[in-house]
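Take a look at the structure set out below.
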Amino acid sequence: MTISKVEVSPEEVDAGAELTLDIEVSRSDGAGPAETRLLIRDHDGELAASVELAELDGETGRSGAFVVAAPLEPGTHAWSAAAAAPGSTPAPFSFTVRAHETRVLVWDAPPSVECGETFRVKLGARCARRCRPVGWTLEVRDHEQNTLATVRLEDQVWPHTDALYYADVKLRAPDREGLYRWEARATARGLDASHAASVAALNLRVMATPECVLTVEAVDAETQAPVKGAQVVVHPYRAFTDARGVAAVKVVEGEYRVFVSGKGHVPFRSHCMVNADMTIRAPLVLDREPSDAEIWS
Amino acid sequence: MARKQGDDGNDTEVRNENRLSRRDFVTKGAVAGLGGAALAGPEGRAQARSTGTDDIAWDYDVDVVIAGGGCAGLTAAIRARDLGATVLVVDQNFDLGGRMLHSGSFVSLGGGDPVQRRDMNGESDREGFITADPVEDPAELDDSVDLLFTDLTDWSVLDRKAQSPYRYNERELVRAWAENCPATRQFLTDNYVRFARVNGTHGGGGLSRARGARCFLMLGDRTDMKAGTITAEDAGVADPERTSAFAPVQMTNMSRFVAPGAVGNGVALARPLEFSAREKGVEFMLHRSFEELVREQPVAGRILGIRARYSPRRHPETGELMQSYWQNGNVDERRETVHIRARKGVILASGGHAGNPQVRSMFYPAMREPAFPTSGLALQGQKSQDASALIAGLRVGANLAGMQQNLSYSTTFHISTRLGTRDAYTTMMPGHPTFGFRGSAGVNVGNAGFEEFIVVNQVGQRFFNEVRLPRRPGLNAYPGDGGAPGQGLEHTPQDWRNCRKEWVQEMYGHDHGLDAALAMNEGSEPPDYYSGPIWAIFDQDAVERTGWELRYPYVADNGYFFQADTIEELAEKIAAGHEFQRVPLKHLADTVATWNRHVDAGADPEFEREVDAPMNRIAAPPFYALSIMVVWHDSYGGLRVNGRQQVVDMQGEVIPGLYAGGEAVGGFNKHGLGKGHVHGYIAGTHAAGEPSA
Ligand SMILES: Cc1cc2nc3c(=O)[nH]c(=O)nc-3n(C[C@H](O)[C@H](O)[C@H](O)COP(=O)(O)OP(=O)(O)OC[C@H]3O[C@@H](n4cnc5c(N)ncnc54)[C@H](O)[C@@H]3O)c2cc1C
């Protein structure tokens, strides 16, 4: 009996995922296959699966589709299929194993920090095949690839997500002002070969110690009532107004564009030079739906 | 009424007698249209018969057949019936009202119409429902037919896109329209339609005076069109997240323009008209798509009738044939094809072509993109706005008019602020049987909401300053004090200074985001080079900032909303789950990373967003995508008609027995209902007045 065809699908498979094989056999003397069992061996000759022929009709036979687990090692794998009878000639076949794509994420980084300040960010990892990355170590590296912090992922899934595992990490800002491009990545520790992890950017804006307080009072332009929860952006500083409609933003002296917006309001915009404590009143216009008359006149 | 040909060939009377006498017809008929103009095409042609049409076995035989039971169609039907004609309306939908039922019911007429006069005199309505004071100054209501005509043919007015809304209007059509506005307002009022206070003017209705009023019903303990009341359940106001089979769109509070307890929208216009039509004996063949006109000869002779095909609309979940809210007057006909003889005339009132991507692409090739539908898709179905009148008219030799006016209307096509639904122009909640066709109501983020996300094309690339994307160009503008009700009335119509270059430069105000959205991108492939869908991409922080409710019925698992743990997964889900996403969003992850760098740098070198609004990182999981729709709302080009709404052929001759109105006709850049009702009124008048063939 000879193996006439081995169908492998998919040709590229995720590590450890299901690989479907379908094997066709034939007998050259036309007497039909006497042997009905096939053995599948991996690249080391280890037995990966054995299967009985499901369809036999005289000269040919077929295993039908059956599933084996793909190896965990990424790369091209050369396997073979042969009849179980001793001395049978094995037929080689190959396929490619891909590492699981794994994303590293960084979030909740403050929009700006003061020189030397400590701050916290969240680090997370998500395997495209939803593996639990518990025990993996993630690290933060600075712009010169120095490791600043490492953290081990526990069994904590971030709210509202499917399988994003995360941890909290404390970091210290550099002593000099600037926009730093740091990164977060998975280390080899814990991360098995079957996962290819990405690198996530962590952009850090380091500022001198602020000297001034810019107070923003957000009010509804029509009623003059305070607007709670409006976002104040004085790049790179950010804040939200409190119940009194007030946000106090500590800033370094300088010229700023101030935006106050959100909660359904048209953005209020102002330019200001800040060289002492100052207050801006931001009358916010509601972004009401245009009336038919306005839309269609 | 409609005479059905039995299988044996004998006529079977299916409805009772006409109720109006010949005398009624003569007196009422005199109101409409252009006095004295010719009624039909050249003699002789109308006598000709081809063997082809001789062979037709007519299944039904009536005086007037109307294709489409919406704004123009229902009006024409009632009018023709009032004048003594037997009338059969065929509509492809399962219920009546067309887009009128979906509409805001803002009907702009004028010329000194009864509602303008009522408000000018500070009076209430006939039933005394209105207790609110008039909204407009008497001077803003002091209108005349001549002023209305002047306004709607003013060559000098430009909008903020520098397009001319009135210059290209057909003069005869506008004159007849203006003359019939007052009578039409009265007619609608006589058919149970109640108008609130006049408030401004609706699109294309002329700037000089306030001419638009919305329709209302009063909340009460029963739904009764005669009494003018509706229950909270039927009005869709009993539950903020539920509407009813009666009102596909929840009605809105009209107390400012009427009195406490008043609610309004297209329901308060379409349902009273439908009720009246059924009461008067108009008959309706629903689930029936008009396909073809039957003319004596291919492009000569009289229009004899129509051929119409069964177009069953089935419930999106149960698959059962959907039923109209009211049934009286319905003709239950399920044969595949029927021929309906029209003894007096056929009126084409089946709407425009905004829902036919192949047709609309003649104005804007990029709008061949089928991902973007016209408004009201769920309620109306795929066959609505499919250019059926235009196609059938062209086959019998009709001419076209005002095709370029599709583009000279400032908001005909725009980017909707309602995201996460395909039917993005319209609101609808569960409770109406067609809700399942859209699956989600959508999330209206408003213009302001666009600062909360980035917008990407089908390959995941940004293409415009997001906060400018949904902005629509503003009103038409005269120099001086505005020249519009509520803004001052000082202006000189038809004055060259209105479109003087310096003035246009001053008032121009249009962002071309929509064109960027429709532009070719890496994923656009020949021969159509579709631009593909567009997506709002944001993170959990944006949800927390805004409080957007990303849950049913606002969003659903219907391919128009996605959530994922990572941006890469989000891109995969969109690619796998959206019906028009033809290519992977291969740039999305890079785009988000680049955007986050821009946010941290405080500047967006690509689209300068930092100038208009704050920028926020997209970093906090999970991540979201909501579909954004380019909406082609309505059409302005269409069949050429004269002042009697008779369709005119390419030689300038009337096609005898053929009328058209509403969005089916061209040459009149007037938005929506105001146009359709008057067209219907005129067409109904003249069709009923034709000699019986
Ligand atoms: C959400 C929304 C809000 C709107 N608000 C306003 C507003 O406030 N003011 C305003 O002036 N305008 C408004 N409009 C526009 C207005 O509703 C339309 O312009 C108007 O209804 C057009 O009238 P019509 O008679 O041409 O078409 P429709 O009213 O749409 O009626 C056409 C009818 O023909 C039927 N039909 C289509 N094809 C066929 C066929 N082949 N055979 C048989 N039947 C067919 C349809 O089912 C439909 O019932 C709005 C539209 C929408 C969607």
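Below, chains carry the letters A, B, ... as their sequence lines are ordered, and counting in each starts from 1.
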So, His160(A) side chain and Pro622(B) main chain: donor-acceptor pair closer than 3.5 Å or not? no
Would you say that more than 12 heavy atoms from the other residues, nucleotides or ligands in this model lie under 6.0 Å from the CD of Gln145(A), or not? yes
Does any backbone or side-chain atom of Val467(B) lie under 4.5 Å from a heavy atom of chain A? Answer side chain, backbone, both or neither. neither
Is it the case that more than 12 heavy atoms not belonging to Gln224(A) sit under 6.0 Å from its CD atom? yes
Other residues, nucleotides, ligands: >12 heavy atoms within 6.0 Å of Glu544(B) CD: yes
In the structure I gave you, are the side-chain heavy atoms of Phe240(A) and Arg545(B) within less than 4.5 Å of one another anywhere? yes
Could you tell me whether a side-chain N or O of Asp565(B) sits under 3.5 Å from a main-chain N or O of Thr161(A), the two making a donor and an acceptor? no
Max heavy-atom pair count under 4.5 Å with chain B, selected residue of Arg257(A), Lys263(A), His265(A), Lys122(A): Arg257(A)
Any side-chain heavy atom of Leu105(A) within less than 4.5 Å of one from Phe623(B)? yes
Honestly, the part of Gln563(B) sitting under 4.5 Å from a heavy atom of chain A is side chain
Applying side chain to side chain contact (heavy atoms under 4.5 Å, CB included) to Arg269(A) and Val611(B), what does each step give before you reach the verdict? CA-CA 9 Å; Arg269(A) 187 175 53 173; Val611(B) 177; 3.5 Å; yes
So which residue, Glu568(B), Glu569(B), Gln540(B), ends up with the most heavy-atom pairs under 4.5 Å with chain A? Glu568(B)
Verify, without hydrogens or angle tests, whether Arg597(B) (side chain) and Asn203(A) (backbone) share a donor-acceptor contact under 3.5 angstrom. no
Which heavy atom in Arg238(A) sits nearest to a heavy atom in Val599(B), and how many Å separate them? NH2-CG1, 3.7 Å
Glu253(A) atom CD, neighbour heavy-atom count above 12 within 6.0 Å: yes
Rounded to the nearest 0.5 Å, how far apart are CZ of Arg617(B) and CH2 of Trp107(A)? 13.5 Å
Which pair of non-hydrogen atoms, one from Val233(A) and one from Pro614(B), has the smallest distance, and what is that distance? CG2-CB, 3.6 Å
Could you give the distance from CG (Asp600(B)) to CG (Leu202(A)), rounded to the nearest 0.5 Å? 9.0 Å
First locate atom OG1 of Thr566(B), then atom CD of Glu101(A), and finally report the distance between them rounded to the nearest 0.5 Å. 9.0 Å
Can you sort out the partners of Arg256(B) under salt bridge (Lys or Arg N to Asp or Glu O under 4.0 Å), two or more places apart, ordered by chain and number? none
Specify the closest pair of heavy atoms between Pro267(A) and Ala613(B), including all atoms of both residues, with the distance to one decimal. CG-CB, 3.9 Å
The interface call for Val106(A) against chain B, heavy-atom contacts under 4.5 Å, is backbone
Looking at Asp242(A), I'd like to know if its CG atom is crowded, meaning that more than 12 non-hydrogen atoms belonging to other residues, nucleotides or ligands lie closer than 6.0 Å. yes
Quick one: closest heavy-atom pair of Glu451(B) and Ser261(A), and the distance? OE2-OG, 2.6 Å
Chain A contact via Ala620(B) - which portion, at a heavy-atom distance below 4.5 Å: both
Please give me the minimum heavy-atom distance between Gln231(A) and Asn616(B), naming the atom from each residue. NE2-OD1, 2.9 Å
For Ala109(A), is it the side chain, the backbone, both or neither that has a heavy atom under 4.5 Å from a heavy atom of chain B? both
Which atom names give the shortest non-hydrogen contact between Pro621(B) and Trp158(A), and what distance separates them? O-NE1, 2.8 Å
